Amino acid sequence: RLRAHTRDDLLLATETSLQKIQARVQAARLVGRDKIGVAVGKVVTRGSKLDAFEPFTWELVERGLQLTAGELLMATTVLQTAAYALGDFLVAHDVLLTATLGQPPKWVGELDQRTPFDEFEDQLSRYVPYTPVANFSGFPAMTVPLHRNAAGLPIGSHFMARGGDEATLFQLAGQLERAQPWFDDY
């Protein structure tokens, strides 16, 4: 079974670690998008057409293809530094818990990718501020619908675990499902 801690114990133990992670993740967010652009750019240069990609993704490609080798190395280094900070945190803790979304769920089309790139990126980083950390760090993560808002929409709780420790997430998901069943709601 996973260790249980009081809320105050967890807040006290994690405040400094989370501040370090948050600062590094913010820096990674600033340069990491260009690394994504380079990776997607490799696919695009094999002959894909613009209409195969959403506008935001295409802009990442275009920006990523403009990077020099040094800029790509810097972006990779910043992302790795953030991942190492998260790894350090997860050595001392079973999981990192965040919200899945930074705002209530949006209607389809409410996030308009025809919005100017920097504005759309700002909207997106407020809407999904936490889950990209799992994407670029490679740490296993899961989202479970533990709560609902006043409109009845699910509110996801996002958990990340140590590298290669999917078992902890499966164990936690089982414990949470038994404590507060959600399967039949969907």
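In what follows, residues are counted from 1 in the order of the sequence shown. None of the values given here were measured: they were computed from a predicted structure.
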Heavy-atom closest pair, residues Pro105 and Asn149: CD-ND2, 4.3 Å
Quick one: OG on Ser157 to OH on Tyr130, what's the gap to the nearest 0.5 Å? 12.0 Å
With side-chain contact (heavy atoms from CB on, under 4.5 Å) as the test, would you mind laying out the steps for Leu172 and Met142 before giving the verdict? CA-CA 10 Å; Leu172 178 59; Met142 70 173 182; 3.8 Å; yes
Just verifying a value: how many Å separate Thr143 OG1 and Ile155 CD1, rounded to the nearest 0.5 Å? 13.0 Å
Rounded to the nearest 0.5 Å, what separates atom CZ in Phe136 from atom CD in Gln80? 11.0 Å
Check the pair Met160 / Leu86 against side-chain contact (heavy atoms from CB on, under 4.5 Å), numbers first and verdict last. CA-CA 9 Å; Met160 283 186 277; Leu86 179 57; 3.9 Å; yes
Thr168 versus Asp165, side-chain donor and acceptor atoms under 3.5 Å: yes
Non-hydrogen side-chain atoms of Thr115 and Gln123 separated by less than 4.5 Å: yes
If you look at every heavy atom in Ala134 and Ala141, which pair is closest and at what distance? CB-CB, 3.6 Å
Do Asp122 and Glu119 come within less than 4.5 Å of each other through their side chains, counting heavy atoms only? no
Tyr84 (side chain) donor-acceptor with Leu79 (main chain) under 3.5 angstrom: no
Enter the distance from Thr68:OG1 to Met74:CE here, rounded to the nearest 0.5 Å. 10.0 Å
Minimum side-chain heavy-atom gap His158-Leu97 below 4.5 Å: no
Does Asp88 come within less than 4.0 Å of Arg162, counting only side-chain N to carboxylate O? no
Would you give the length of the straight line joining atom CD of Gln103 to atom CD of Glu110, rounded to the nearest 0.5 angstrom? 8.5 Å
Nearest-0.5 Å distance that lies between atom CD in Gln113 and atom CZ in Phe120: 4.0 Å
Heavy-atom closest contact (Leu146 atom, Trp182 atom, distance): CD2-CZ3, 3.8 Å
Would you check if the side chain of Arg178 reaches a backbone N or O of Gly174 as a donor-acceptor pair within less than 3.5 Å? yes
Asp118/Glu121 under side-chain contact (heavy atoms from CB on, under 4.5 Å): CA gap, chis, key distance, verdict: CA-CA 5 Å; Asp118 291 332; Glu121 183 182 40; 4.2 Å; yes
Would you say Thr100's side chain and Gly156's backbone share a donor-acceptor pair under 3.5 angstrom? yes
Under a 4.5 Å cut-off applied to non-hydrogen side-chain atoms, are Thr98 and Phe159 in contact? no
Report yes or no: does Gln180 contribute a side-chain atom to a donor-acceptor pair with the main-chain N or O of Glu177 at less than 3.5 Å? no
I need the minimum non-hydrogen distance between Gly164 and Pro140, along with the two atoms involved. N-CD, 4.1 Å
Should Leu111 and Phe117 be counted in the same cluster of Ile, Leu, Val, Met, Phe, Trp and Tyr side chains packed under 4.5 Å apart? yes
Tested for side-chain contact (heavy atoms from CB on, under 4.5 Å) against Leu169, the lone hit among Asp94, Val144, Val95 is Val95
